[in-house]
Novice: 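Below you will find the structure I want to go over with you.
Side-chain atoms are counted along with the backbone in the values below, which use heavy atoms only and exclude waters and symmetry mates.
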Amino acid sequence: MERSSSSYTSETRSRMLCLYNVEAPLVTSWTEDNPGRRFYGCGLYKVTGRKWCNYFEWHDPVANIRQKKIMVTLMKKVDELESREKDLQSRIRDTKRKEIFLGILLVVCWVVFRLYIPECTIVEYA
Ligand SMILES: [Zn+2]
């Protein structure tokens, strides 16, 4: 593969081209085998209706076992927190719906009370 940049460090990103001469984006892997490890893949991979080549090249070296374990633990923690956040958002929506329902119920009760029990009026004592 050709690189248009001569300096090639983890900070300076060079342009990588796939077999179709399309710029291959730098993507981060989140699999358990290669958590957080970046790679270049075909730029047409996620373009619907376009045929893509099998171009693939690692950008980062293989992480050691300890780094992988830490990354996997952090990924699981992130998944867990995202799931809890979704659950909380859903509970907030349910609570808001109940709040609206109770507000309407309160108004209906008040109207029914005023219509069917007109003799019950609030007496003010001076
Ligand atoms: Zn390609």
Side-chain angles (χ1 to χ4, degrees):
M1 286 304 106
E2 46 177 292
R3 290 174 182 159
S4 62
S5 168
S6 52
S7 64
Y8 187 68
T9 65
S10 60
E11 256 55 54
T12 315
R13 223 200 107 185
S14 58
R15 258 181 94 225
M16 298 294 280
L17 301 173
C18 76
L19 306 174
Y20 287 166
N21 230 24
V22 175
E23 188 175 345
L26 185 62
V27 184
T28 305
S29 160
W30 294 111
T31 62
E32 287 206 10
D33 286 340
N34 293 292
R37 191 176 176 198
R38 294 171 299 169
F39 64 92
Y40 293 99
C42 175
L44 300 173
Y45 179 65
K46 284 200 170 172
V47 181
T48 45
R50 292 286 304 268
K51 218 177 146 194
W52 51 281
C53 66
N54 288 320
Y55 172 68
F56 177 91
E57 193 176 326
W58 287 113
H59 174 79
D60 296 323
V62 183
N64 66 42
I65 292 168
R66 186 172 175 274
Q67 289 171 323
K68 278 186 190 180
K69 273 186 182 171
I70 291 169
M71 286 298 286
V72 168
T73 304
L74 290 174
M75 280 163 53
K76 281 179 183 165
K77 201 79 190 160
V78 167
D79 285 349
E80 192 185 300
L81 289 172
E82 280 175 351
S83 159
R84 274 174 61 185
E85 202 249 340
K86 258 187 202 169
D87 182 52
L88 288 173
Q89 290 294 339
S90 141
R91 284 164 69 176
I92 287 170
R93 276 194 302 273
D94 284 353
T95 304
K96 280 182 181 167
R97 262 186 244 123
K98 282 177 190 163
E99 198 179 288
I100 291 167
F101 172 76
L102 289 175
I104 291 167
L105 189 66
L106 183 70
V107 170
V108 169
C109 285
W110 185 81
V111 168
V112 167
F113 179 78
R114 296 301 292 172
L115 287 175
Y116 295 103
I117 313 170
E119 66 273 6
C120 284
T121 51
I122 296 164
V123 178
E124 282 185 38
Y125 297 100

Novice: Hey, could you give me the OH/CG distance between Y40 and L17, rounded to the nearest 0.5 Å?
Specialist: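 Result: 11.0 Å between the selected atoms.
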Novice: Take atom OH in Y45; do more than 12 heavy atoms of anything else shown fall under 6.0 Å from it?
Specialist: no
Novice: Check K98 with D94, please: is the shortest side-chain N to carboxylate O separation under 4.0 Å?
Specialist: no
Novice: So, taking the atom named CZ in R38 and the one named CG in D60, what distance separates them when rounded to the nearest 0.5 Å?
Specialist: 4.0 Å
Novice: Can you give me the closest heavy-atom contact between C53 and Y20, atom names plus distance?
Specialist: N-CE1, 3.7 Å
Novice: Are any side-chain N or O atoms of K68 and backbone N or O atoms of D33, one a donor and one an acceptor, separated by less than 3.5 Å?
Specialist: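 Side chain of K68 to backbone of D33: a pair is present.
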Novice: Answer with yes or no whether the hydrophobic clustering places W110 together with L106; edges join I, L, V, M, F, W, Y residues whose side-chain heavy atoms lie under 4.5 Å apart.
Specialist: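 W110 does not cluster with L106.
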Novice: Any chain of hydrophobic side-chain contacts (each under 4.5 Å) joining L102 to I100?
Specialist: no
Novice: Please examine the side chains of V62 and R37, heavy atoms only from C-beta on, and report whether any two atoms are closer than 4.5 Å.
Specialist: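 A side-chain contact under 4.5 Å exists here.
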Novice: Report the distance from atom CZ of R50 to atom CG of L44, rounding to the nearest 0.5 Å.
Specialist: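 Separation between the atoms: 5.0 Å.
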Novice: With the 4.5 Å side-chain cut-off for hydrophobic clustering, are I104 and V112 part of the same group?
Specialist: yes
Novice: Please round to the nearest 0.5 Å and tell me the distance separating atom OG of S29 and atom CH2 of W58.
Specialist: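 These two atoms lie 4.5 Å from each other.
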Novice: Kindly give the heavy-atom pair with the smallest separation between G41 and A24, and that separation in Å.
Specialist: O-CB, 3.0 Å
Novice: Throw together a table of side-chain donor-acceptor distances under 3.5 angstrom for residues 71-86, partners on residues two or more places apart or in other chains.
Specialist:
residue	atom	partner	partner atom	Å
T73	OG1	K69	O	2.7
E85	OE2	Q89	NE2	3.2

Novice: Working to the nearest 0.5 angstrom, can you tell me the gap between M16 CE and F56 CZ?
Specialist: 11.5 Å
Novice: Minimum heavy-atom separation for P25 and G43, please, with both atom names.
Specialist: CD-CA, 3.6 Å
Novice: Quick one, N34 and F39 - any side-chain contact, counting heavy atoms below 4.5 Å?
Specialist: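 Result no, sub-4.5 Å side-chain heavy-atom pair not found.
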Novice: When rounded to the nearest 0.5 angstrom, what is the spacing between CH2 in W52 and SG in C42?
Specialist: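 Between atom CH2 of W52 and atom SG of C42 there are 7.5 Å.
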Novice: Any link between I65 and I70 through a network of hydrophobic side chains (Ile, Leu, Val, Met, Phe, Trp, Tyr) touching at under 4.5 Å?
Specialist: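 The answer is no; the residues belong to distinct hydrophobic clusters.
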